[in-house]
Amino acid sequence: MSILDGLNTEQRKAAEKIDGPLLILAGAGSGKTRTVTYRIAHMVLEKGISPYKILAVTFTNKAAKEMRERVENLIGLEAKKVMVSTFHSFGVRLLRTYATKLGYDSNFNIYDGDDQKRLVGRIMKELVVTNKQLTPAIVTSRISKYKEDGEEPADVDVYNTDTRVVAAVYEKYAEELIKNNAMDFADLLINTNKLLDDKEVLEKIQTRYEYIMVDEYQDTNNIQYQIVTKIANRHKNICVVGDEDQSIYGFRGANIKNILDFEKEYKDAMVVKLEQNYRSTKNILGAANSVIKLNTTSRGKNLWTEKEKGNLIEIFAATDGRAEADYVLQEIIKGKNAGKSYKDYTVLYRTNAQSRVFEEAFLRHRISYKIFGGMQFYQRVEVKDILSYMRVINNPKDTVSLFRIINVPKRKIGAATIDKLRTFAELENITFFEAMGRVEETKLGPALRVTIFQLYETLKNIIDEVEFLTTSEIYDMILEKTNYISYLETYDEKFEARIENVRELRTSIQEMENSEQYEGFISLGEFLEQTALVAATDDLEEDTDYVKLMTIHNSKGLEFSNVFLVGMEDELFPSSKADFSDDDLEEERRLCYVAITRAEEKLHISHASERMVYGRISYMREPSRFLKEIDENYIEYVNKPKIISPKKQESKLSGFNLITKKDFKVDEKSPFKIGEKVIHKKFGNGVIKDVEAGKRLVIRFRDGDKKLPLILAEKFLTKQ
DNA sequence: TGAATCGATGTTTTT
DNA sequence: CATCGATTCA
């Protein structure tokens with residue numbers, strides 16, 4: 001008898017291999033978590049390995065929590081001794097301990113994308129970057145890319161003005177982060193990796209963690225790879241789990257080669273393929289397989305299931321985004337009436353913006369739903385404001401947070417004042433916050449001096465007391481001293497929701513304080529860390545009865561019985577932003593594969609021929625090329641596109657273009673008739689919507705209506 | 001010098 | 001559509 005009796009042959013093979021390198025190629029739904037948790041249980045219960053010696057790295061906190069719970073179910077409280085963590089949390093932990101080795105204080109703040117952009121924007125202003133193409137967002141993403149690739153500012157290849165500018169901003173940015181005692185997401189990994197170059201630290205970590213496991217290995221980047229390699233270097237007991245077909249984070253530096261080359265890296269690695277799928281029906285799996293096999297990077301696997309064929313995949317062609325949402329809505333209502341629950345349904349989409357139509361539809365029909373991701377709770381202006389106060393209190397060197405709140409609520413402290421104070425701080429070689437305390441020595445006006453000093457004092461008082469205060473108390477003091485709520489009351493028309501969010505923040509502090517992990521007390525630093533490192537789906541509750549909405553990216557690792565894959569249109573999915581290089585397209589296809597394989601019983605796929613994009617209507621949208629890649633045997637069309645006789649062509653056009661009968665008049669002077677399909681040299685396919693007598697044509701193109709003078713028409717248009 | 005108002009502008013995807 | 005920045009107003 002072994003605990004491993006509950007596994008299939010392959011799973012068991014993987015779970016029994018404890019020593020040496022192991023690669024588990026786990027297809028979607030193949031019982032990966034089960035295998036890994038049983039493996040840990042087996043190590044502890046049957047091999048006598050101390051749980052302290054085990055490090056398991058996951059992709060999200062939710063995955064970590066789930067793994068810990070499932071191990072606990074198998075081995076009891078010993079499970080708590082296993083280190084199950086995300087790369088980022090693991091790194092932060094280590095960095096808090098050894099921050100000084102890298103020139104940081106242990107109370108460093110963590111900058112999210114928004115903070116990064118603010119800092120980069122500030123630096124760009126200082127460096128007087130004139131190129132309008134280089135927005136803070138673009139420069140930030142390029143800097144992050146350098147960081148993820150392990151390139152220091154000095155390493156950057158400056159082959160033109162743009163790269164020179166980016167490199168200069170990057171250099172300043174890196175300096176500023178240290179001055180601000182702050183790390184961005186990439187730093188958490190980079191600095192962890194740097195720490196592991198320190199003999200003392202490495203020795204300690206290697207001694208402690210004799211066994212290391214990495215989940216979602218296909219989505220690790222080069223730095224994470226180095227971290228893993230260093231830790232595993234002594235004992236070589238490294239187990240990585242992943243699926244190259246589900247690598248979807250290339251844009252964030254994930255390197256699919258890490259998993260593809262694992263066997264080259266560790267010549268004696270054992271490779272186990274988990275190919276039996278326990279999640280989806282034959283039809284769903286067949287559809288997924290037919291798509292992914294077109295990828296050249298796929299190593300090819302034979303995912304199979306004992307499940308029944310199940311339902312065909314339903315394809316719905318909607319006229320527009322609202323009709324698509326209505327379809328989803330009706331299906332859910334139908335299901336609900338047939339005894340299903342809201343929680344049985346999940347809507348998946350490519351971009352966060354798509355959630356809106358569904359949210360509106362669900363609200364109208366009082367269907368309970370929850371959107372995961374998108375504008376994160378902690379990123380909302382009003383919440384981030386309060387968090388910024390907390391961050392300044394936690395780490396007064398953090399000028400990104402300080403500048404954010406210095407004039408919130410309005411205190412008549414503007415850019416010019418801030419500049420003067422900064423100059424003073426530089427002159428005196430003190431921090432900006434300290435300069436605020438010595439504002440009397442500056443040349444600022446008397447009224448300003450009072451306001452600034454008051455703010456300084458308020459913050460300083462809390463800072464001095466911080467170790468005697470609970471995080472809730474700090475929150476209360478901030479709200480009280482700043483009168484933030486009354487400020488919000490005059491903020492905008494959505495002030496009620498904003499106040500609600502600020503109150504909700506207090507609830508979330510209390511929830512954390514009362515959680516098992518913190519047992520009544522969470523320090524300010526720990527709280528801020530939690531808010532910085534939460535992932536979209538960390539708070540997903542399987543049991544709550546709501547329809548779940550999220551991006552496909554966020555759905556990774558999850559499974560749902562009924563899935564609506566919506567917005568299946570070219571330009572949206574695959575995204576028009578993907579430059580259609582092979583690599584990009586393959587990543588989009590993997591994303592499609594991930595989406596399909598989330599579904600257990602029923603998959604609906606929909607697309608619309610019109611939809612709002614940026615507040616304008618985009619017309620004549622084409623179904624996604626990926627839709628055409630799905631083997632016909634697995635799909636059925638809910639509303640088969642009507643076959644239209646040539647005579648009735650116009651009525652088909654009127655169907656989706658709202659051309660009324662009176663529009664069918666013909667202007668004799670024009671060679672073009674209303675309803676006629678044309679191709680424009682620049683704008684592509686279009687339909688003539690109107691002919692303004694002898695003057696110009698109104699043509700509906702994908703990205704909107706255009707008016708074209710008749711004189712130009714013959715030059716640019718050809719009949720379709 | 002700060003606040004208000006009005007245009008321009010852009011979004012894949014996220015720890 | 002919604003946010004951000006520049007321009008203008010007070």
Side-chain angles (χ1 to χ4, degrees), chain A residues 57-64 85-92 110-114 116-118 121 124-125 132-133 135-138 141 144 147-148 183-189 192 216 219-221 223-224 247-254 348-357 360 372-376 378-379 381 407 410-420 444-445 447-448 451 490 492 494 529-538 550-556 567 571-579 584 587-588 590-592 594-595 611-617:
Chain A
V57 188
T58 59
F59 201 68
T60 62
N61 297 305
K62 180 175 187 293
S85 173
T86 62
F87 271 105
H88 290 87
S89 306
F90 174 78
V92 170
I110 299 169
Y111 280 177
D112 64 17
D114 186 60
Q116 289 184 56
K117 266 185 265 169
R118 280 167 181 268
M124 286 171 70
K125 222 168 239 166
K132 290 288 241 177
Q133 307 293 100
T135 62
I138 288 168
S141 94
S144 294
K147 294 181 93 162
E148 277 151 7
M183 296 191 199
D184 62 23
F185 285 123
D187 284 331
L188 296 180
L189 302 175
T192 300
E216 308 282 12
D219 281 321
T220 50
N221 66 23
I223 302 157
Q224 290 166 326
S247 166
I248 55 174
Y249 281 99
F251 70 92
R252 174 173 114 178
L348 299 182
Y349 35 78
R350 178 69 232 279
T351 65
N352 285 303
Q354 289 168 258
S355 65
R356 206 189 170 102
V357 231
E360 283 164 7
F372 296 88
M375 187 45 134
Q376 299 268 36
Y378 295 116
Q379 324 243 39
V381 210
N407 199 32
K410 299 250 184 298
R411 300 186 175 93
K412 298 181 187 282
I413 306 173
T417 310
I418 292 177
D419 274 349
K420 281 179 191 158
L444 290 165
L448 266 176
T451 346
T490 59
D492 62 9
K494 286 187 290 186
E529 194 173 304
Q530 293 285 329
T531 63
L533 297 179
V534 279
T537 53
D538 281 352
M550 67 186 82
T551 61
I552 304 167
H553 281 90
N554 276 325
S555 76
K556 194 173 74 153
E571 303 217 317
L572 197 52
F573 191 23
S575 164
S576 56
K577 289 286 153 53
D579 60 12
D584 270 13
E587 179 150 319
E588 294 281 308
R590 290 193 290 269
L591 196 55
C592 179
V594 168
R611 121 177 7 259
M612 287 284 258
V613 178
Y614 293 144
R616 326 205 90 241
I617 301 173

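In this text the structure is predicted, and so the values were computed from the model without any measurement. Chain naming here is simple, since letters A, B, ... match the order of the sequence lines and numbering starts at 1 in each.
A 4.5 Å side-chain heavy-atom check between A:Thr86 and A:Leu533 finds every atom pair outside the cut-off. Residues A:Thr58 and A:Glu216 are not in side-chain contact: their nearest non-hydrogen atoms beyond the backbone lie 4.5 Å or more apart. Contact of the A:Arg356 side chain with the A:Met612 side chain is not registered, since no non-hydrogen atoms from C-beta on lie closer than 4.5 Å. In this structure the side chain of A:Phe87 never reaches within 4.5 angstrom of the side chain of A:Thr192, judged on heavy atoms. Between A:Thr451 and A:Lys412 the shortest side-chain heavy-atom distance does not fall below 4.5 Å. With contacts defined as side-chain heavy-atom distances shorter than 4.5 Å, the pair A:Arg350/A:Thr551 does not qualify.
Within the 3.5 Å criterion, the main-chain N or O of A:Phe573 finds no donor-acceptor partner in the side chain of A:Glu588. Formation of a donor-acceptor pair under 3.5 Å by the A:Asn407 side chain with backbone atoms of A:Ile413 is found in this model. In this structure a side-chain-to-backbone donor-acceptor pair under 3.5 Å is present from A:Asp187 to A:Asp184. Side chain of A:Gln224 to backbone of A:Asn221: a donor-acceptor contact under 3.5 angstrom is found.
Looking at heavy-atom distances under 4.0 Å, A:Tyr249 makes contact with sugar-phosphate atoms alone, never a base. A:Asn554 comes within 4.0 angstrom of sugar-phosphate atoms only, judged by non-hydrogen atoms across all strands, and of no base.
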Next item on the list: Show your reasoning for whether side chain to side chain contact (heavy atoms under 4.5 Å, CB included) applies to A:Phe251 and A:His553.
Entry: CA-CA 12 Å; A:Phe251 70 92; A:His553 281 90; 3.6 Å; yes
Next item on the list: Quick one: do A:Arg118 and A:Tyr111 satisfy side chain to side chain contact (heavy atoms under 4.5 Å, CB included)? Show the steps, please.
Entry: CA-CA 10 Å; A:Arg118 280 167 181 268; A:Tyr111 280 177; over 6 Å; no
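In this entry the distance linking CD of A:Gln379 with C1' of C:dA2 reads 16 Å, nearest Å. As a whole-Å value, the separation of A:Asn61 CG from B:dT15 P is 9 Å. Distance, A:Phe372 CZ to B:dT14 P: 14 Å, rounded to whole Å. When the P atom of B:dT15 is taken as reference, atom CD of A:Gln116 falls 13 Å away, rounded to whole Å. For the pair A:His88 NE2 and B:dT14 C1', the interatomic distance rounds to 9 Å; values are reported in whole Å. Remark: C1' of B:dT13 and CZ of A:Arg590 are 13 Å apart, rounded to the nearest angstrom. If you take NE2 of A:His553 and C1' of B:dT14, they are 8 Å apart, rounded to a whole angstrom. Rounded to whole Å, atom P of B:dT14 lies 11 Å from atom CD1 of A:Ile552.
Stacking between A:Phe251 and B:dT13 is shown: the ring centroid lies under 5.5 Å from the centre of the six-membered base ring, and the planes differ by under 30°.
A close approach under 4.0 Å does not occur between any side-chain nitrogen or oxygen of A:Ser575 and OP1 or OP2 of B:dT13. Contact annotation: A:Thr417 does not reach the phosphate of B:dT1 (side-chain N/O to OP1 or OP2, under 4.0 Å). Put simply, A:Arg252 has no side-chain N or O that comes within less than 4.0 Å of OP1 or OP2 on B:dT12. Listed pair A:Lys556 / B:dT14 fails the phosphate criterion, with no side-chain N or O lying under 4.0 Å from OP1 or OP2.
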Pick out the pairs of N or O atoms, protein on one side and nucleotides 3-5 of chain C on the other, that lie under 3.5 Å.
none

Short N/O separations, protein against nucleotides 3-6 of chain B, under 3.5 angstrom:
from  : atom 1 : to       : atom 2 : distance (Å)
B:dA3 : OP2    : A:Asn407 : ND2    : 3.3

Give each protein N/O atom lying under 3.5 Å from an N/O atom of nucleotides 7-11 of chain B, with the pair distance.
from   : atom 1 : to       : atom 2 : distance (Å)
B:dT11 : O3'    : A:Lys577 : NZ     : 2.9

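Residue A:Leu448 is the one, among A:Leu448 and A:Leu189, whose nearest nucleotide of DNA chain B lies closer to the 5' end (criterion: closest heavy atom).
Between the P atoms of B:dT11 and C:dA6, the separation comes to 16 Å (whole Å). Atom C1' of C:dC4 sits at a distance of 22 Å from the matching atom of B:dT13, rounded to the whole Å.
Relative ring orientation between A:Tyr249 and A:Phe59 is described as tilted, the plane-to-plane angle lying within the 30° to 60° band.
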